[in-house]
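One structure is given here, and the rest of the page talks about it.
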2 protein chains.
Amino acid sequence: MKKFIPILKRTQMFSGVGENEIESMLSCLDARLCEFSKGEYIIRQGEYLNDIIVLADGNLHIQKDDYWGNRSILGQISAGEMFGEAYVAPNSGTALNDVVATEKSTVIFFDVKRILTTCSSACRFHSMVVQNLFFAISEKNRKLVQKLDHMSKRSTREKLISYLSEEAKKQSSSHFTITFNRQQLADFLSVDRSAMSNELCKMRDEGLIEFKKNSFKLF
Amino acid sequence: MKKFIPILKRTQMFSGVGENEIESMLSCLDARLCEFSKGEYIIRQGEYLNDIIVLADGNLHIQKDDYWGNRSILGQISAGEMFGEAYVAPNSGTALNDVVATEKSTVIFFDVKRILTTCSSACRFHSMVVQNLFFAISEKNRKLVQKLDHMSKRSTREKLISYLSEEAKKQSSSHFTITFNRQQLADFLSVDRSAMSNELCKMRDEGLIEFKKNSFKLF
DNA sequence: ACAAATCGGTTGTATTTACAACGAAAGGTG
DNA sequence: CACCTTTCGTTGTAAATACAACCGATTTGT
C-alpha cells in the first residue's frame, strides 16, 4: 500500500495533503487495495456501493450491456481519477453501470462513511479531503454534462466532431491520440461501428480530419 | 424573503435545519432573492457563476440553443431543487447551458464561497448544509447518468420507452403526467418532434401506451 | 512461426429518421 | 365572435443509420 502514496498525492482527492498525512489517513479512511486483471469487474450494475474508489494504476470503463449484448460506454477512468461518487448519498440505490478493467489495474477503496465523518485529531487534513471530494464530484458533474452535450447531437458526424473537438481541446493540440478502439468509440458515442467507421473515412476524404489507428488530427 | 423560509426548509439543501437556523443563515450565506417571468434567462451559457441557486417557486429549463436554433433540453428544475452546483469548484469555467424560466419563477442565490467557508458560531448548522449539498450534487450526478442512459438508446421508440418508464417509476404509477409539451420532449430526447409524434402514435396503435395531452399510461 | 483472434474498413440493403409542409384543434386576446 | 398563436398529428420524400457479411491487416498466444 505504501508505494501508492506518491500516486495518491497527485490525485484530486488528496490534493494539498502531504505524504505523511496521507499515510495516516489510509487507515483512518479504511483504505483497501485491490488488483484487477483485464476484463475483471470492479463493480457490477445492481450492486450496492459504500465506497469512493480511486484508480491508482490502469484504466477502467464505466459501461452497461443490455439484454441483447449491446454495449454502451459511459466513460473511462484513468489513473488518479476517482469513481463511485454518485453513490455516496444515503438511499442512492444500486450502481447503474458496470465498471470493468480494460487493463491490469490497481484500485483503492475508501469507506464513504469514514470520509464524511470527521475523525480524531490524527486526521487534520480530513476536512480538506472532503472539500477536494466535493470539487471532484462537481467536476464530474460537468463532465457528464459535456458528454450529454455530444450525445445530444443527431448525426454520427456531429457526434464525432463534438467528441474529437473536445479531445483536441483537452489535449491542447489538434493532433492527439484517443484511448478507445473503434468499437469502443462507437459504444461511447452510441452509434454503429461500421457506420462510424464509414463516416470517419468520409470526413478524411473531405479533408476535415486525418487519422491513423488511434491518432487523430483535425483541420 | 422571510416567507420563503418554510419552502427552503423542505429543500434538500436545508434538510434537517430548523426555520430559525435557516433565517440566521440567509444573511450568513448572502442569500439574494430574484424573480423571473416566463422566458427570462437566469443563467446564460458562457457566464461565470459564483452561486448555488435554489428554485423557491416555478419551473426552469436547463437548455442550449445552437447556431441554427436547434434547441437541446438538458433537464428541468422544479420547486425546491437546486442548480449551478457544477460550477462550485474553482476553475470550473463558465456555464455550459442556459437556464430559462418556463413560468414565473422565484430563485434564491447563495454565494458559493460563503457556503464552503465555515463561518462564525451563529451558523451551527452550516456544516450540515455543506453535507446536504454534497449529497445533492452526488444525486444530481446520478440523474445525469440516468439521462445519459436513455440518450444512449438508438431509436426514438427506445428513447421514449426509456424516458416514459423512468417517469412511471418516479411517479410510482403506470398512469402519469409529464411537464414537457411535445416539442420540449423532443428537444429533451434529442429527436425530431414530428418523428417522435409519429412514433408515439404508432406505439399507441400497437397498444403499448395510451396518452392524451401530457397524460400517459403504459401497458 | 503458425494459428487464432481482434481490429478496422468496405459494401449493399432494409429500416429508421429528419425535414418540410399542411391542417385541425385548442387556447388566448381584443 | 373573430383573429391569432400554439400545439399536435399526419404525410411524403430525402437522407442517414443499422445491420449483416466479408476481407485484409495486425496482434496475440502458443
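Chain identifiers are assigned alphabetically (A, B, ...) following the order of the sequence lines, protein sequences preceding nucleic acid strands; residue numbering begins at 1 within each chain.
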With respect to the phosphate group of [N], does any side-chain polar atom (N or O) of [X] fall under 4.0 Å of OP1 or OP2?
| X | N | answer |
| --- | --- | --- |
| Lys202(B) | dT10(D) | no |
| Arg182(A) | dG9(C) | yes |
| Asn181(B) | dT7(D) | yes |
| Ser197(B) | dC8(D) | no |
| Ser155(B) | dT16(C) | no |

May I have the distance from [X] (atom [atom1]) to [N] (atom [atom2]), rounded to whole angstrom?
| X | N | atom1 | atom2 | result |
| --- | --- | --- | --- | --- |
| Lys213(A) | dG9(C) | NZ | P | 11 Å |
| Asn198(B) | dA21(C) | CG | C1' | 14 Å |
| Asn70(A) | dA20(D) | CG | C1' | 14 Å |
| Arg154(A) | dT17(D) | CZ | C1' | 15 Å |
| Phe211(B) | dT7(D) | CZ | P | 17 Å |
| Met196(A) | dC19(D) | CE | C1' | 15 Å |
| Glu199(B) | dT11(D) | CD | C1' | 15 Å |
| Glu158(A) | dA15(D) | CD | P | 16 Å |

* N-O pairing of Arg32(A) and Asp30(A) below 4.0 Å -> yes
* Hey, are Glu206(A) and Arg157(A) close enough for a salt bridge, meaning a charged N less than 4.0 Å from a carboxylate O? -> yes
* Cation-pi between Lys140(A) and Phe135(A): NZ/CZ under 6.0 Å from ring centre and within 45° of the ring axis? -> no
* To do: Look at all strands and tell whether Ser194(B) reaches a base, only sugar-phosphate, or nothing, counting heavy atoms closer than 4.0 Å.
  => base
Distance-only donor-acceptor pairs under 3.5 Å for side chains of residues 40-47 of chain B, two or more places apart:
residue, atom, partner, partner atom, Å
Glu40(B), OE1, Ser37(B), N, 2.6
Glu40(B), OE1, Ser37(B), OG, 3.0
Glu47(B), OE1, Arg44(B), N, 3.2

* To do: Quick one: sort the Tyr163(A) and His150(A) rings into parallel, tilted or perpendicular, breaks at 30° and 60°.
  => perpendicular
* Is there a donor and acceptor pair, one atom on the side chain of Arg193(B) and one on the base of dG9(D), closer than 3.5 Å? -> yes
